Amino acid sequence: MAEDRLKTLEERTRYEPADVEGRVFARWDEAGIFHPEAEGTPDENFSIAVPPPNVTGNLHMGHALNASIQDLKIRVARMRGMRTKWIFGKDHAGIATQRVVERQLEEEGLSREEMGREAFTARVWQWVEEYGGNISRQFRELGASLDYEDERFTMDPDYVRAVTKVFVHLYEKGLIYRDNYMVNWDPGLRTAISDLEVEQREVEDTLYEIDYPLESGSGSITIATVRPETMLADTAIAVNPSDERYSRLIGESAVLPLVGRRLPIIADEYVDPEFGTGALKITPGHDQNDFEIGRKHKLEEITVIGEDGRITDSAPERFRGMETREAAEAVVADLREEGLLSGTQAYVHDVPHSHRSGRRVEPLISLQWFCDMEGLAKPAIDVVRDGTIRFHPDRYAKQYLDWLERIRPWCISRQLWWGHQLPVWYRGDETHVGEEPPCGEGWERDPDVLDTWFSSGLWPFATLGWPEATEDLRAFYPTDINSTARDIIFLWVARMVMFGKELTEQVPFTDVNIHSVIQAPDKRRMSKSLGTGIDPSDLIHGGPRPPVYEEGGEFPAYGADALRFGLLAMSSSQDVAFNEERVKQGRDLANKLWNAARLILLRVADVEPDAAAATTVEDRWIVSRLERLTARVTELYDDFRFSFAALELYGGFWSELADWYLELAKPRLYEEENEDVSAVLLWSLERVLRLLHPVMPFVTEEIWSLMPGDKRGLLAVAEFPVADESRFDEDAERELGRMIEAVTALRRYRDEVSAKPGAAVRGHLVADGYDELSDHVGRLARFEWVDGSDADGDVIASVPVPGGAVQVLPSDAFDAGEAEARIEKKRAGLVEEIERAERKLANEQFVAKAPAAVVDEERRKLAEYREALAQLES
RNA sequence: GGGCGGUUAGCUCAGUUGGUAGAGCGCCACGUUUACACCGUGGAGGUCGCCCGUUCGAGCCGGGCACCGCCCACCA
C-alpha cells in the first residue's frame, strides 16, 4: 500500500487529470458523501438548490462557473461538518423543449398537430429520457458534489401536484384570474409570452404619414405610423388637449381611409404634441398604449391581426389572409393611389421581439390567465429591505427592488402542449378550478400550460417535497444560497422569493449570489451560432478550439480542477471575457502542487503532520504565513469573493510555500532524517490541500490519498481549517522578510555583474539579524561566506541588505570590472530616493498634518536609504 | 428617457477605511541547481479615460465631460 503510493509519486513528474478525475469521483460517489440523511435543522444543515438546467441543454460555460461556485460553498460547508445537500434536478423548459422536439418532427415530415397532444407529449417524454442524462454526466465531470441520488424534475408527478396546488391556492385567493387583455403574442411560437420574455431590438422602419379625411369634409388630419396595416383596426384619433392646432377638432370625427369607419377625435394627455404631426391614430386591438387609452375612453377594440399573424375577417375583404408585411404593403399602395399618403421617412426605433423565437412581438388582445403580483411582491420587497435576504454583490438588490416595486400582472398561460396543463375545466359558462377534475359530464380542460417560470418559482421547496411536510423539508428548508446569472433575477429569483413567502411563509434562501457572465474571448456573447461558444467539456478533456480562436487548433486536456480554478479566478462582480490563461494557470497550479507533494512525500520521515514541530525561524514563518492564508481565504470564501480566494491560494502556495519554504527546507530534508521539518512540511501540505479542496477537489483529494497514514479518509469530508491566530508570528515574518530581500538583492547583484551561474561569489555578510539564516542566504544566493570583515583591501563592492551589507570579495565568479558600473547605478538610485524623502519631510504641511505613523515611516525610510548609501560608499 | 457597471502595464484583470501603483500571461536576459521547463532567477514596462475641485497628499472622495457595456421603460 505505502509502496504503491510512493511508486505513483515517483513515476509521475506531471499531474495528469485524465488519469485521476474519474477515479476520484467514483470514490466520493461510492462513499455516499453527496447524499445526506434528512436529519437536523436547516440552521445546522447546509443546502443549495441548483438552478435546474433545461433538459434539452448541455452545460455551457455559465453552468460550469455557477457549478464551481456552488460546489465550492457546498464543499466548505461539508468540510465544516455540516450535513450538506445540493439539490439536483432539471427543468422541463416548456418552450425550449417543445421546440426541440417539434424540429425533430419536422425533419421526419410530421407536426405536433397531426400527432395530437397525447402522442406529442409522449414523444417529448421519450426525448427527455433519452437525452436528459447528459447533464448529470457533465456535472460529474466538473466534480460537482450534487445529490445525484435524489434527482428532481419539474414534471415529476409530485412536482406537478405542487404546481397545481399553488395555482388553485392563488386562484382561490383571487390572485389568479382570466381576462381578455393585451398580451405579447409571439407569432412564431403562437403563444402569449410574458413581459420578461420580450426584448427590445433596434429596427429600421418607415414612418408613414397618412391623411385621414375629416368627416365634415373640410380637410384632413395627418397621423404618423410605422405599422400602416394596423390602421385597419383604428377606432379613434387622439391629440393632446393642450395642442392648439387641433383643439377645434376635438369631438369631431375623421373617416378611416380604406375602411370608411368613423373615428372620433379625442383628447388625451398621452399624446406628445412634439412628435410627428401631434395626432395619433388609436388602435386598441394592436398597441399596448392604444389599448390603455382605448379602455379609458371606452373605445371599440377591433382585431385585424389574428393569432396566426394574418389579417382577419374584421378587415376589408381584399386584405384578409395576408401576412402583416404583405398587408402593410397593400395598405400603403392603396393609400398612395388615393393620394392619402403625405410622407414617408426612414425611422430607427426599438421594437419588442420575442426572446424565444426572435420574432417581432405582435401585441394582441387575447383571453389569457394572469397572476396579480402586487400582493405577492410586498413581502418579497420587505425581506430584502430588512436584510433577511442578502445579494452578492449587493448592488443587485436595488435592481430587484426596483422591479418589484413597479411590478405588473404576469401572463401565466402559454399555448403549448409541453408543460403543466392548467387545472381548469369549462362547461358552457361554468369554470372549475381545482386539484381534481370536476365531477359530471361535458367538462373540457383548458388546453393551455403554465409559463415554465411558474413552476421554477417553487423549486427550492417543491424539490424537497412541499406541500407535504417531509423530512427533507424539515431538514433542508429554507436553503442557504441561490446562485445565478443576473438575467434571471426577475424571471426566477424574485418569483422564488414571492412564492416562498406566500406558500411556506419563509424565505427560500438567505443569500443570492449573482455571478459574472463569461463572454467570449473577443467580448462578444458566447453563442454556438456565432461560433463564440466554448464547451466546458472541451477544456476538461481537450477538444477543438471554436472559430472565435483564430489560431485554431485544440485545447489541451486541462482537467476539471484547472477549469474550476480558471473560472473562479477570472470571475468577479463584473462580466468578463473568457481567458484561457486562467485555466492554464489552474493546470499549472495543479501540476505545481503535485510536484511539491512529490518532493515532500518522497522525502519526509515517518511522522504526523504537526505545526507545533516548528523549531527554526523558517518553520515558524511558514506556519504563520499559512495561518494567515487560512484566515484570508476563509473570509473570502464566506464573503462570496471567489476570484480573490483562488488567487490568494495560488500566490500563497506558489510564492511562499513552494518558492521559499521548500527551498529553505531542502537541506534538512535531504541531508538528515529530520522529523521536525517533516512534520512541518506535512502539516503545510495538508493545510494547503484542505484550503484548496473546494476550488480544486480532484488533485487535492488525489494527493491527500497519497499522504502517509492509513486512516485519513476522504479529504472531501476532512475538517476545514480554522485559522489559529496564536501561531501568527510577526518576528519570524519580519526576519524572513529581510532574508528574502537580502537574497533577492544578492541575486540581482550576481545578475548585474554577470556572475557565472554555477560559481559562488565570495563575500562577508556584515549585517545584523541573520544569525539563523546566513547559511540559507548564502546557499540561495550562491554566496560563499568568508569569515571576518577585516580584509578591507580586498572588498570590491558592497551590496546593501536589510540590517547592513554584503561586502563582495574578488572571486572567479565574475569579472571585477563589471562591479564598478553597477555601484554607480545603485548610488544614483539611492540618491534619488533620498531626495524624494527629504523633499516630503521638508514639507511643513506634511509633517504637521499627516498622521504621525506616516511621517515616522517616511523618516525611517530616509534613514535606511542614507545608511545604504553610506554602506555603498564605505 | 431612467438606472447600474466599466475605462489602471502589450493582453486579461486586482487595487475595501486617501499615504511613494499590483498579479498572471506575454516580453527581455540568464539558467538542464537531485519536486516541477505546465520549471527557476533577475529585469524592462503604467501622465491609473479627460477636466475642475477637496486635501499636506487622490487610481481611491466631490462635481462635470467623453467613450464602452448591461438592465428597465408605452413616444406613434
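Since we're looking at a predicted model, the values are computed, not measured. Naming: A, B, ... by sequence-line order, numbering from 1 per chain.
- Taking the six-membered ring for Trp and thresholds of 30 and 60 degrees, A:Phe391 and A:Tyr400 have ring planes inclined between 30 and 60 degrees apart.
- Taking a cutoff of 4.0 Å between a charged side-chain nitrogen and a carboxylate oxygen, A:Glu635 and A:Arg641 do not qualify as a salt bridge.
- Straight-line distance between the C1' atoms of B:G6 and B:C48: roughly 14 Å, to the nearest whole Å.
- Rounded to the nearest Å, the gap between the C1' atom of B:C39 and that of B:U33 is 12 Å.
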B/S/- contact track for nucleotides 66-76 of chain B, protein heavy atom under 4.0 Å: ----S-SBBBB

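- Residue contacts shown for A:Arg14 include a base, since a base heavy atom lies under 4.0 Å away.
- Between B:G57 and B:G45, the two C1' atoms lie 26 Å apart (nearest whole Å).
- Comparing B:C25 with B:C50, their C1' atoms sit 30 Å apart, to the nearest whole Å.
- A heavy-atom distance below 4.5 Å is not found between the side chains of A:Thr283 and A:Phe291.
- Counting non-hydrogen atoms under 4.0 angstrom, A:Ala569 reaches nothing in the nucleic acid.
- Pairing for B:G10 goes to B:C25, judged as Watson-Crick or G-U wobble with the two contacts each under 3.5 Å.
- The P atoms of B:C4 and B:C61 are separated by 15 Å, rounded to the nearest whole Å.
- Base pairing of B:G69: its partner is B:C4, meeting the Watson-Crick or G-U wobble criterion (both donor-acceptor distances under 3.5 Å).
- The residue A:Arg747 sits close only to the backbone: its heavy atoms come under 4.0 Å of sugar-phosphate atoms, none of a base.
- Remark: the separation of the C1' atoms in B:G63 and B:C72 is 27 Å, to the nearest Å.
- With respect to A:Asp290 and A:Arg295, no salt bridge is recorded, no charged nitrogen being found less than 4.0 Å from a carboxylate O.
- Taking the side chain of A:Arg587 as heavy atoms from C-beta on, and the options B:C4, B:C38, B:C13, the nearest nucleotide is B:C38.
- Between A:Tyr15 and A:Trp594, the angle of the ring planes lies from 30° to 60°, which puts this pair in the tilted group.
- Residue A:Lys592 has its side chain nearest to B:C39 when only B:C39, B:A23, B:C4 are considered.
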Short heteroatom pairs, N/O only, protein and nucleotides 28-34 of chain B, under 3.5 Å:
none

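- For A:His349, the ring pair (Phe, Tyr, Trp, His ring centres under 6.0 Å) partners are A:Tyr347, not counting sequence neighbours.
- The neighbour count for A:Tyr549 OH, taken as heavy atoms of other residues, nucleotides or ligands under 6.0 Å away, is above 12.
- Taking the P atom of each, B:G24 and B:A14 are spaced 16 Å apart, rounded to whole Å.
- Between A:Arg582 and A:Leu567, the closest side-chain pair of non-hydrogen atoms is not below 4.5 Å.
- A distance of about 35 Å separates the P atoms of B:A44 and B:C56, rounded to the whole Å.
- At a threshold of 4.0 angstrom between heavy atoms, the contacts of A:Ala596 include nucleobase atoms, whether or not backbone atoms are also involved.
- Across B:C36, B:C38, B:U41, the shortest atom-to-atom separation from the side chain of A:Asp588 is found for B:C38.
- Taking for each of A:Glu581 and A:Phe578 the nucleotide of RNA chain B with the nearest heavy atom, the 5'-most of the two is the partner of A:Phe578.
- Side chain of A:Phe644, nearest nucleotide from B:A14, B:C38, B:U41: B:A14.
- A salt bridge does not link A:Arg750 to A:Glu752: none of the charged side-chain nitrogens sits closer than 4.0 Å to a carboxylate oxygen.
- A:Lys398 and A:Asp402 are joined by a salt bridge, as a carboxylate oxygen and a charged side-chain nitrogen come within less than 4.0 angstrom of each other.
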